[in-house]
Enquirer: 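This is the structure I want to talk about, given as structure tokens.
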Amino acid sequence: MIKSYLPNSWCYAAKSNDEIVGVCIVKSRGNETAEILNIAVDPNHQKAGIGTHLLSFALKKLIGKRIQRVELGTGTFGHQLAYYQRLGFRVESVVKNFFIENYEEPIFERGIQHKDMLKL
């Protein structure tokens, strides 16, 4: 899935000792809108603020590109949803069966399968 949206995306990376420990991939969705398609931090470097700093960096870069609106999609539960809400993102809509229809392998978190996607 990630390979499919890398072309024509903006990719930002967090490094520690010349090693990439986090990435954020963003794609333009029009003149003033962009979508965060992926943000990930290596499990060995999580809970150190890297993801928050990386996302803040990406958002500042988007302002420089005259982006006025930033969207993203995430599961309907879990730590990712709380993370984005803490950073000010708000739920706008639900895409039913997104994770079922777009991923070959089911995605589980804490024993619950992700099915629908929230658009923030």
Side-chain angles (χ1 to χ4, degrees):
M1 186 75 155
I2 293 172
K3 283 183 184 180
S4 72
Y5 51 70
L6 280 176
N8 301 312
S9 293
W10 298 304
C11 300
Y12 304 102
K15 287 183 161 186
S16 176
N17 298 323
D18 292 326
E19 175 187 0
I20 294 176
V21 297
V23 294
C24 181
I25 303 168
V26 184
K27 192 167 203 128
S28 174
R29 293 291 187 216
N31 292 339
E32 297 179 340
T33 301
E35 182 178 2
I36 296 171
L37 298 173
N38 187 279
I39 184 163
V41 175
D42 181 288
N44 294 326
H45 292 85
Q46 290 178 354
K47 305 224 186 267
I50 293 170
T52 301
H53 288 297
L54 182 58
L55 184 55
S56 294
F57 178 84
L59 293 173
K60 286 177 187 170
K61 289 292 188 180
L62 293 175
I63 290 169
K65 297 178 185 301
R66 299 186 180 175
I67 298 295
Q68 299 291 315
R69 177 180 170 85
V70 179
E71 303 172 340
L72 61 89
T74 192
T76 56
F77 61 91
H79 69 275
Q80 299 93 338
L81 178 58
Y83 168 75
Y84 292 127
Q85 289 177 321
R86 276 194 310 273
L87 295 173
F89 287 89
R90 304 222 17 226
V91 175
E92 187 168 281
S93 64
V94 178
V95 181
K96 295 281 189 183
N97 296 319
F98 178 85
F99 292 103
I100 294 170
E101 296 170 357
N102 292 284
Y103 288 83
E104 290 181 23
E105 299 286 327
I107 299 172
F108 285 88
E109 185 173 345
R110 296 184 179 171
I112 303 169
Q113 184 178 1
H114 279 284
K115 295 177 183 175
D116 305 325
M117 178 177 67
L118 295 178
K119 293 292 284 183
L120 285 77

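Heads up: numbering here begins at 1 and tracks the sequence.
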Enquirer: Under a 3.5 Å distance rule, please check whether Asp42 uses its side chain to pair with a backbone N or O of Asn44 as donor and acceptor.
Expert: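 The answer is yes, because a donor-acceptor pair under 3.5 Å joins these two groups.
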Enquirer: Is the backbone of Asn97 close enough, under 3.5 Å, to the side chain of Asp116 for a donor and an acceptor to pair up by distance?
Expert: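 Yes.
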Enquirer: Using the rule that Ile, Leu, Val, Met, Phe, Trp and Tyr join whenever any side-chain heavy atoms are under 4.5 Å apart, tell me whether Leu87 and Ile67 fall into a single cluster.
Expert: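 Yes, same cluster.
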Enquirer: Please evaluate residues Gln113 and Ile100 with respect to the criterion side chain to side chain contact (heavy atoms under 4.5 Å, CB included), reporting the C-alpha separation (whole Å), side-chain torsions for both, the decisive distance (0.1 Å), and the verdict.
Expert: CA-CA 9 Å; Gln113 184 178 1; Ile100 294 170; 4.1 Å; yes
Enquirer: If you round to the nearest 0.5 Å, how far is CZ of Phe89 from CG of Leu55?
Expert: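 If we round to the nearest 0.5 Å, Leu55:CG and Phe89:CZ are 5.5 Å apart.
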Enquirer: How far apart are the C-alpha atoms of Cys11 and Val23, what are their side-chain angles, what is the distance that settles it, and do they pass the side chain to side chain contact (heavy atoms under 4.5 Å, CB included) test?
Expert: CA-CA 7 Å; Cys11 300; Val23 294; over 6 Å; no
Enquirer: Applying a strict under-4.5 Å side-chain criterion to I, L, V, M, F, W and Y, I'd like to know whether Tyr103 and Val95 cluster together.
Expert: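 Cluster IDs for Tyr103 and Val95 match.
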Enquirer: Could you tell me which non-hydrogen atom of Ser9 sits nearest to which non-hydrogen atom of Leu37, and how far apart they are?
Expert: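 Answer, listing the atom of Ser9 first, then Leu37: OG-CD1, 4.3 Å.
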Enquirer: Using salt bridge (charged side-chain N to carboxylate O under 4.0 Å, His left out) as the criterion, list what pairs up with Arg69, not counting sequence neighbours.
Expert: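 Residues passing salt bridge (charged side-chain N to carboxylate O under 4.0 Å, His left out) with Arg69: Glu71, Glu92.
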Enquirer: Over 60° means perpendicular and under 30° means parallel, so tell me whether His114 and Phe99 are parallel, tilted or perpendicular.
Expert: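 Rings of His114 and Phe99: tilted, as their planes differ by 30° to 60°.
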Enquirer: For a quick test of reading the model, state the closest non-hydrogen atom pair linking Ser16 to Val21 and the distance between them.
Expert: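 Shortest heavy-atom separation between Ser16 and Val21 comes out as CB-CG1, 3.9 Å.
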Enquirer: Using side chain to side chain contact (heavy atoms under 4.5 Å, CB included) as the criterion, point out the one residue from Thr33, Val26, Leu120, Leu59 that pairs with Val70.
Expert: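 Single side chain to side chain contact (heavy atoms under 4.5 Å, CB included) partner of Val70 among Thr33, Val26, Leu120, Leu59: Leu59.
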Enquirer: Considering non-hydrogen atoms only, spot the tightest contact between Phe98 and Met117 and give its length.
Expert: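 Closest heavy-atom pair between Phe98 and Met117: CB-CB, 3.7 Å.
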Enquirer: Just how far is it from atom OG1 of Thr52 to atom CD1 of Ile39, taken to the nearest 0.5 Å?
Expert: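 One finds 7.5 Å between OG1 of Thr52 and CD1 of Ile39.
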Enquirer: Rounded to the nearest 0.5 Å, how far apart are NE2 of His45 and CD1 of Ile20?
Expert: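 His45 NE2 to Ile20 CD1: 12.0 Å, rounded to 0.5 Å.
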Enquirer: For a quick test of reading the model, state the closest non-hydrogen atom pair linking Trp10 to Ala34 and the distance between them.
Expert: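 Closest pair (atom of Trp10, atom of Ala34, distance): CZ3-CB, 4.2 Å.
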Enquirer: For Lys27, I'd like to know if atom NZ has over 12 heavy atoms of other residues, nucleotides or ligands within 6.0 Å.
Expert: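 Yes.
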Enquirer: Looking only at heavy atoms, which two atoms of Ile36 and Cys24 are closest? And how far apart?
Expert: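 Shortest heavy-atom contact: CG2-SG, 4.2 Å.
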Enquirer: For the pair Tyr84 (side chain) and Leu72 (backbone), establish whether a donor and an acceptor sit closer than 3.5 Å, ignoring hydrogens and angles.
Expert: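 Pair absent, no side-chain N/O of Tyr84 close to backbone of Leu72.
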Enquirer: Would you say Lys61 has more than 12 foreign heavy atoms packed within less than 6.0 Å of its NZ?
Expert: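 No.
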Enquirer: Where do Ile50 and Ala14 come nearest, in terms of heavy atoms and distance?
Expert: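 In this case the closest contact between Ile50 and Ala14 is CG2-CB, 3.7 Å.
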Enquirer: Any side-chain heavy-atom pair from His79 and Arg110 closer than 4.5 angstrom?
Expert: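 Counting from C-beta outward, His79 and Arg110 never come under 4.5 Å.
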Enquirer: So, taking the atom named CG in Leu62 and the one named OG in Ser28, what distance separates them when rounded to the nearest 0.5 Å?
Expert: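 It comes to 9.5 Å.
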Enquirer: When rounded to the nearest 0.5 angstrom, what is the spacing between NZ in Lys60 and OH in Tyr12?
Expert: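 Going from the NZ atom of Lys60 to the OH atom of Tyr12 covers 13.0 Å.
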